[in-house]
2 protein chains.
Amino acid sequence: MMSNNLQFDRAIGMPARAGEILFLRGEPCEHLFEVRRGVARAVATSYEGDRQVLAFFFPGDVFGLPLADEHRFSAEAVTDIIHTKYSSTGWQAQLAQTCQQEKSILNAVWQEEKAFIARGLVLGRVTALARLSAFLIALTHRLPSPEGLCALELPQTDIASYLATSPETVCRNLRHLRELKVIAMPRRDRFAVLHPGRLEMLAEGIHN
Amino acid sequence: MMSNNLQFDRAIGMPARAGEILFLRGEPCEHLFEVRRGVARAVATSYEGDRQVLAFFFPGDVFGLPLADEHRFSAEAVTDIIHTKYSSTGWQAQLAQTCQQEKSILNAVWQEEKAFIARGLVLGRVTALARLSAFLIALTHRLPSPEGLCALELPQTDIASYLATSPETVCRNLRHLRELKVIAMPRRDRFAVLHPGRLEMLAEGIHN
DNA sequence: CGACTATTTGAAGGGACTCAAGGCGTGTGG
DNA sequence: CCACACGCCTTGAGTCCCTTCAAATAGTCG
């Protein structure tokens with residue numbers, strides 16, 4: 001389920017360090033990327049230098065699809081990552097051959113689009129607590145949670161940038177969720193959802 | 001430039017009344033839609049009934065692409081519209097034949113994805129005034145503006161739902177922009193940008 | 001160990017949501 | 001033609017959340 005069956009299984013995993021730039025907005029679409037390990041982010045930067053994190057990409061996610069000639073957002077490694085680069089021309093050739101029988105290619109396109117739709121849905125919530133709750137729920141649906149513990153290997157500054165809020169508010173609301181016993185964070189980079197139903201209600205803006 | 005060259009030029013324009021549902025989330029992707037006249041919207045509804053407008057589609061826009069088996073959002077007419085329906089199977093067949101030579105199909109995919117990215121970028125702004133300003137700028141870039149007058153045929157409730165704010169705030173900020181002489185609204189459903197540079201600064205959160 | 005970054009906490013101020021009510025426009029029926 | 005109803009836009013007042021600024025602490029890397 002994590003795999004997208006792009007039939008590039010022999011491709012080599014390449015490492016990148018945390019913070020490393022994978023591609024910049026405006027560069028030609030020559031490769032598409034699949035995350036093997038770690039987390040990557042799509043970033044948009046305004047002329048004034050304000051940064052927004054548009055999406056996070058986790059293991060199995062494919063991004064940088066050559067839908068246009070140029071990449072429309074920049075991509076960077078959040079953590080140290082292992083990723084795979086595929087030639088866009090090869091991708092297009094395969095697209096032509098298999099898109100009728102196989103749904104996997106269209107699925108890759110859909111997965112990328114879904115990531116951006118998801119951010120809009122999260123940002124549409126009224127309060128920062130609702131946005132954070134919705135984000136944590138999305139994480140639990142996307143990431144494996146061995147023993148109920150989900151990885152949160154994202155700097156709070158990135159989470160804040162993704163949720164269109166300030167790092168202070170992210171920190172305060174995480175503490176608030178811990179105090180409500182809705183989540184637990186045994187370590188800084190791990191969290192467990194203790195009360196899923198309550199978390200969903202908070203995501204809907206219902207304070208109970 | 002408005003046209004996407006999908007080679008369905010003989011397709012018939014069909015009318016729909018304002019508010020009419022074009023398709024619902026979860027329905028199978030059997031058709032894709034092109035707006036000929038008027039405005040359509042992509043809508044997501046939560047279980048509690050909260051509605052979010054995810055995107056607006058203007059003449060020339062194609063949406064409802066069969067990236068997955070089911071539509072992932074609902075679509076409705078905002079105004080009375082003229083639209084065209086294309087068979088998804090035909091779309092996929094054409095995709096297989098032409099995606100290597102022609103970029104138009106991938107472009108249609110990109111245009112839809114761009115609409116969702118755009119909403120995220122707008123919602124990432126800090127204040128409601130910045131979000132509204134960014135939205136108006138996007139409208140001027142997307143819509144024709146004969147004599148500098150751009151159509152604003154959207155109910156303020158829809159604009160509010162798109163910008164994740166309240167109708168009252170939309171109204172107040174429109175008035176604020178008029179008082180600043182940054183925009184003019186000779187009619188309720190028309191606006192002209194009097195001071196583009198100032199509007200862009202407001203969109204960036206710079207109050208001058 | 002020291003420099004740097006990320007996280008945490010506090011205080012103050014402002015913006016936006018909510019509730020409420022009034023005005024405007026349109027369409028319908030008497 | 002007018003009265004009325006309905007929906008949408010507009011405006012006001014109060015409350016609360018969040019941003020911002022500031023500072024202290026914790027964590028990380030050399």
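Distance, B:H176 NE2 to D:dT10 P: 15 Å, rounded to whole Å. Distance, A:E153 CD to D:dG27 C1': 16 Å, rounded to whole Å. Taking atom CG of residue A:D189 and atom P of nucleotide C:dA6, one finds them 15 Å apart after rounding to whole Å. Atom pair B:L152:CG and D:dC8:P shows a separation of 15 Å (rounding to whole Å applied). Between A:R125 atom CZ and D:dC17 atom P the separation is 18 Å, expressed in whole Å. Atom-to-atom, CG of A:L132 to C1' of D:dT19 comes out at 17 Å; the value is rounded to the nearest Å. Atom CG in B:L174 sits about 14 Å away from atom C1' in D:dC8, given to the nearest Å. Here D:dC16 presents its P atom at 17 Å from CG of A:N173, a figure rounded to the nearest Å.
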Exercise. May I have the step-by-step check of salt bridge (Lys or Arg N to Asp or Glu O under 4.0 Å) for A:D61 and A:R142, ending in yes or no?
Key: CA-CA 10 Å; A:D61 287 338; A:R142 179 64 191 79; 2.9 Å; yes
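Between the side chain of A:R172 and the base of D:dT20, a donor-acceptor pair under 3.5 Å is found.
Checked by atom type, the side-chain pair B:Q156/B:R188 shows no donor-acceptor distance below 3.5 Å.
For C:dC17, one of the phosphate oxygens OP1 or OP2 lies less than 4.0 angstrom from a side-chain nitrogen or oxygen of B:T169.
For B:R131, taking side-chain heavy atoms from C-beta onward, the closest of the listed nucleotides C:dT7, C:dT8, C:dC17 is C:dC17. Of the listed nucleotides (D:dT20, C:dA20, D:dT19), D:dT20 has the atom at the smallest distance from the side chain of A:E168. The side chain of B:S166 lies closest to C:dC17, out of C:dC17, D:dT10, D:dT20. Distances were taken from every side-chain heavy atom of A:R188 (C-beta onward) to each of D:dG27, D:dC9, D:dC18; the shortest belongs to D:dG27. For A:T165, counting side-chain heavy atoms from C-beta on, the closest listed nucleotide (D:dT19, D:dC18, D:dT20) is D:dT19.
When heavy atoms are screened at a 4.0 angstrom cut-off, B:T127 is found touching the sugar-phosphate backbone but no base atom. Within the nucleic acid shown, A:P167 has no heavy atom closer than 4.0 Å to any nucleic acid atom.
Counting heavy atoms from C-beta on, the side chains of B:E204 and A:S46 come closer than 4.5 Å. Here the side chains of B:R119 and B:Y162 are in contact, with some heavy-atom distance below 4.5 Å.
Around atom CZ of B:R37, no more than 12 heavy atoms belonging to other residues, nucleotides or ligands sit under 6.0 Å away.
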